[in-house]
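Throughout, residue positions are numbered sequentially from 1 according to the sequence presented.
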Amino acid sequence: MWLKRTLLIIFLLLTSQYVASNQSQNSSQPDTQHKAQRIVALAPHVVENLFAIGAGDKIVGTVEYADYPEQALEIPRIGGYHGIQLEKLLALKPDLVIAWKTGNKKADLEKLEKLGIKVVYSETNDLTKVSEQLIKFGELTGHQVQAKQVAKEFDARLAKLQSQYQDAKSLDVFYQLWPEPMMSVNKNTMIHQVLSICQVNNVFAHSRADYPQISIENVLKFKPQVIVLPEEKTKKDVQHTNWQNWPQIPAVEHQQFIRVNADLLHRFSVRALDGVADLCGKLSQSRRYYQEQS
């Protein structure tokens, strides 16, 4: 009991100190020259993009699975998808928290804002907006020059990939986002956007949910020519689908399975284009295979 009381007192002291500090700052005129020096990044893609513009050394706290670049592994962890450990975050005394609404708990984010902590959001539904996020991060950290350069290079590479595959013959593709429960993606997602760049047809594009839960029967109905299997880094025991039990699916009949790095394709970061290039290249191989069979 005494331990719980002690921890509660420490937490309340940290909270009161933080509120007092922010109230003092808010009572003065805003400093337009102030740039973030102590950042808590609440998503792996935020960490990647801050390092990409040269601002990685400003990160004082982050979440599980923030594992790139290698220097990110040294950053203290203050939570993950299960939630934020608020007392740990407050102890780091951040002047900026960059959050991800999709991957962070709403209740945790509301607590941060009520404490007067500056929270900026980074959303992940449009690959073409990565460059805007980079520039925004540059403005927040004082790394505008580096951010603009990285953003320019990103946009140029994206445009090159779009041009490279714009005339490619389409393929019917099933992107198996997760095996159990089996899930895919619809047209509102960044992964669908990636598939569109590769000029293939996402068979679940018109599903109502962004990330629809589907069945084997649904896959049998659409008869995909290729099945994409993203490889996730996870501590969970994943039950993989034995697709060889359904040889009537064209992708199974012709053994057209593509394995991709989920960290590249599922993160709203500069490295996403490495994932796009890899996936499009592998889909081109499948495309050639079917052309040879016809």
Next on the checklist: Could you see if Ile214 belongs to whatever hydrophobic cluster contains Leu220? Use Ile, Leu, Val, Met, Phe, Trp, Tyr and a side-chain cutoff under 4.5 Å.
Outcome noted: yes

Item to check | Gln193 (side chain) donor-acceptor with Leu127 (main chain) under 3.5 angstrom | outcome: yes

Next on the checklist: Under the ring-ring contact (aromatic ring centres under 6.0 Å, His included) definition, can you give me all pairs with a residue in residues 111-141, not counting sequence neighbours?
Outcome noted: none

Item to check | Minimum heavy-atom distance between Val119 and Ala99, given as atom pair plus value | outcome: CG1-CB, 4.0 Å

Item to check | Whether Asp95 side chain and Gln37 backbone form a donor-acceptor pair below 3.5 Å | outcome: yes

Checklist entry - Heavy-atom distance under 4.5 Å between the side chains of Asp278 and Asn261, does that happen here? => result no

Checklist entry - Heavy-atom distance under 4.5 Å between the side chains of Leu96 and Thr141, does that happen here? => result no

Checklist outcome for this item: Rounding to 0.5 Å, atoms CD1 (Ile216) and CG (Asn242) come to a distance of 9.5 Å

Checklist entry - At what distance, to the nearest 0.5 angstrom, does OG of Ser269 lie from CD of Gln133? => result 11.5 Å

Next on the checklist: Minimum heavy-atom separation for Ala41 and Val47, please, with both atom names.
Outcome noted: CB-CG2, 3.7 Å

Next on the checklist: Is it the case that over 12 heavy atoms from other parts of the model lie below 6.0 angstrom from the CD atom of Gln166?
Outcome noted: yes

Checklist entry - Can you say whether the rings of Trp100 and His45 are parallel (under 30°), tilted (30 to 60°) or perpendicular (over 60°)? => result perpendicular

Item to check | Audit row: Arg287, Asp167, salt bridge (Lys or Arg N to Asp or Glu O under 4.0 Å) steps and yes/no | outcome: CA-CA 12 Å; Arg287 196 176 278 116; Asp167 297 322; over 6 Å; no

Checklist outcome for this item: The reported gap from CG in Leu195 to OG1 in Thr189 (rounded to nearest 0.5 angstrom) is 7.5 Å

Item to check | Test item: Asn49 side-chain N/O and Phe268 main-chain N/O as donor-acceptor pair under 3.5 Å | outcome: yes

Item to check | Contact list for residues 201-225, test ring-ring contact (aromatic ring centres under 6.0 Å, His included), sequence neighbours left out | outcome: Phe174-Phe204, Phe204-Phe222

Next on the checklist: Counting only heavy atoms not in Lys111 (residues, nucleotides, ligands), do more than 12 fall under 6.0 Å from its NZ?
Outcome noted: no

Checklist entry - Is a side-chain N or O of Tyr290 found less than 3.5 angstrom from the main chain of Leu171, in a donor-acceptor match? => result no

Item to check | Closest heavy-atom pair and its distance - Lys223, Asp172 | outcome: O-CB, 4.5 Å

Item to check | Euclidean distance, Asp67 CG relative to Asp263 CG, rounded to 0.5 Å | outcome: 5.5 Å

Checklist entry - Distance-only, no hydrogens or angles: does the Asn202 side chain make a donor-acceptor pair with backbone N or O of Val185 under 3.5 Å? => result yes

Checklist entry - Under a 4.5 Å cut-off applied to non-hydrogen side-chain atoms, are Leu42 and Ile78 in contact? => result yes

Checklist entry - Looking only at atom types and distance, does a side-chain atom of Lys106 sit under 3.5 Å from a main-chain N or O of Lys101, one as donor and one as acceptor? => result no

Item to check | Lys35 (side chain) donor-acceptor with Glu139 (main chain) under 3.5 angstrom | outcome: yes

Item to check | Note, Val46 side chain near Ile39 side chain (heavy atom, < 4.5 Å) | outcome: no

Item to check | Gln199 side chain vs Ser170 backbone, donor-acceptor pair below 3.5 Å | outcome: no

Item to check | Beyond-backbone contact of Ile98 with Lys136, side-chain heavy atoms, under 4.5 angstrom | outcome: no

Checklist entry - Leu177 and Val276: same hydrophobic cluster, using ILVMFWY side-chain contacts below 4.5 Å? => result yes

Item to check | Val219 and Trp243, any side-chain heavy atoms less than 4.5 Å apart | outcome: yes

Checklist entry - Any chain of hydrophobic side-chain contacts (each under 4.5 Å) joining Val130 to Leu161? => result yes

Next on the checklist: Under 4.5 Å between side-chain heavy atoms, counting indirect links through other Ile/Leu/Val/Met/Phe/Trp/Tyr residues: same cluster for Val120 and Leu134 or not?
Outcome noted: yes

Next on the checklist: Strictly distance-based, threshold 3.5 Å: is any side-chain N or O of Ser163 a donor or acceptor partner for the main-chain N or O of Lys160?
Outcome noted: no

Item to check | Co-membership, hydrophobic cluster, residues Ile227 and Val200, 4.5 Å side-chain | outcome: no

Item to check | Pairwise distance CG(Leu229) to OH(Tyr175) - rounded to 0.5 angstrom | outcome: 9.5 Å

Item to check | The single option from Asn125, Asn188, Thr102 passing side-chain hydrogen bond (donor to acceptor under 3.5 Å, both in side chains) against Asp210 | outcome: Asn188

Checklist entry - Heavy-atom distance under 4.5 Å between the side chains of Leu89 and Ile117, does that happen here? => result yes

Please set out all donor-acceptor pairs under 3.5 angstrom arising from side-chain atoms of residues 251-259, sequence neighbours excluded.
residue : atom : partner : partner atom : Å
His254  : ND1  : Tyr289  : OH           : 2.9
Gln255  : NE2  : Gln244  : OE1          : 2.9
Gln255  : NE2  : Val252  : O            : 2.6
Gln256  : OE1  : Ser286  : OG           : 2.7
Gln256  : NE2  : His254  : O            : 3.2

Checklist entry - If you look at every heavy atom in His143 and Ile53, which pair is closest and at what distance? => result ND1-O, 3.3 Å

Checklist entry - Where is the tightest heavy-atom contact between Ala66 and Thr62, given as atom of each residue plus distance? => result CB-OG1, 3.5 Å

Next on the checklist: Could you check whether any side-chain N or O of Arg77 sits under 3.5 Å from a backbone N or O of Ile75, counting only pairs where one atom can act as donor and the other as acceptor?
Outcome noted: yes

Checklist entry - In Å and rounded to the nearest 0.5 Å, what is the CD1 to NE2 distance from Ile191 to His266? => result 3.5 Å

Next on the checklist: To check you understand the geometry: which heavy-atom pair defines the closest contact between Gly79 and Gln85, and what is its length?
Outcome noted: N-OE1, 4.1 Å

